[in-house]
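Along the sequence shown, the residues carry numbers beginning at 1.
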Amino acid sequence: QVQLVESGGGLLQAGGSLRLSCAASGSILSINGMGWYRQAPGKQRELVAAISSDGTTNYRYSVKGRFTISRDNAKNTVYLQTNSLKPKDTAVYYCNAVILAHDSSGYQCYWGRGPQVTVSS
């Protein structure tokens, strides 16, 4: 069974930094795209950043220049370095990965449970 386990959330002041990590584990054959989404109270879940298997990245406009997504394929792990955090970045941050697992018929989308990131002004 495939699992995504995140770490790195917390409470901090505006201007601070956090590094979120998400490790995929289980019977994994291959991982395609990986990414981070976030959901603030009363709002829809939105894409923050994504990275393809060849390292191509894509960012939400509001985080460009402040957030950096990266991955370590040997560790099946994706990271999100968040800098210059703002109160509007407050949300639950969910890890996402498209994974081909043993005994599966194809690539499937998996989600982590999401660490809370709270930024105070």
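The environment of D103 atom CG is sparse: at most 12 non-hydrogen atoms of other residues, nucleotides or ligands sit within 6.0 angstrom.
L20 and I69 end up in the same hydrophobic cluster when Ile, Leu, Val, Met, Phe, Trp and Tyr side chains are linked at under 4.5 Å. Both V48 and L85 belong to a single network of hydrophobic side chains, linked directly or stepwise wherever heavy atoms of I, L, V, M, F, W or Y lie under 4.5 Å apart.
The CE atom of M34 sits 14.5 Å away from the OG1 atom of T57 when rounded to the nearest 0.5 Å. Note that the CG atom of L11 and the OG1 atom of T118 stand 5.5 Å from one another [nearest 0.5 Å]. In this structure, CG on D54 lies 10.0 Å from CG on N73, to the nearest 0.5 angstrom. Between the NZ atom in K75 and the OG atom in S21 there is a gap of 9.5 Å [rounded to 0.5 Å]. Between W111 atom CH2 and Y94 atom OH the span is 9.0 Å, to the nearest 0.5 Å.
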Inset, instruction - Please assess C22 against Y79 for the test side-chain contact (heavy atoms from CB on, under 4.5 Å), listing each intermediate value before the final yes or no. - result: CA-CA 6 Å; C22 172; Y79 305 94; over 6 Å; no

Inset, instruction - In sequence, state the C-alpha distance, the side-chain angles, and the governing distance for Q81 and S17, and then conclude on side-chain contact (heavy atoms from CB on, under 4.5 Å). - result: CA-CA 7 Å; Q81 177 67 43; S17 299; 4.0 Å; yes

Legend entry - Evaluation steps, side-chain contact (heavy atoms from CB on, under 4.5 Å), between L18 and N83: CA-CA 7 Å; L18 275 179; N83 298 324; over 6 Å; no

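The nearest pair of heavy atoms linking I31 to A97 is CG2-CB, 4.4 Å. Minimum heavy-atom separation, S121 to P87: CB-CG, 3.9 Å. Shortest non-hydrogen contact noted between I51 and S70 is CD1-CA, 3.9 Å. For the residue pair V2 and Y110, the shortest heavy atom distance occurs at CB-CE2, 3.6 Å. Nearest heavy atom pair, residue S84 against residue D89, reads O-OD2, 4.4 Å. Nearest heavy-atom pair, A49 versus Y59, reported as atom, atom and distance to 0.1 Å: CB-CD2, 3.6 Å.
Using a 4.5 Å heavy-atom threshold, the side chains of N96 and V78 count as separate. Residues Q116 and T90 are in side-chain contact: their nearest non-hydrogen atoms beyond the backbone lie under 4.5 Å apart. Annotation: side chain of V119 is in contact with side chain of L12 (closest heavy-atom distance under 4.5 Å). The closest side-chain heavy-atom distance from L4 to I99 is below 4.5 Å. At least one side-chain heavy atom of N76 sits under 4.5 Å from a side-chain heavy atom of I28.
A centroid separation of 6.0 Å or more is found between the aromatic rings of W36 and F67.
A distance-only check finds no donor-acceptor pair linking the side chain of R71 to the backbone of T77 [under 3.5 Å]. The closest donor-acceptor contact from the side chain of E6 to the backbone of C95 lies under 3.5 Å. Side-chain atoms of R38 never come within 3.5 Å of backbone atoms of G114 as a donor-acceptor pair (strictly under, hydrogens ignored).
In summary, the side chains of Y93 and T82 do not present any donor paired with an acceptor at a separation below 3.5 Å, with no hydrogens or angles considered.
Look at E46 and R60 and you find a salt bridge, because one of the NZ, NE, NH1 or NH2 atoms lies within 4.0 Å of a carboxylate O, short of that distance.
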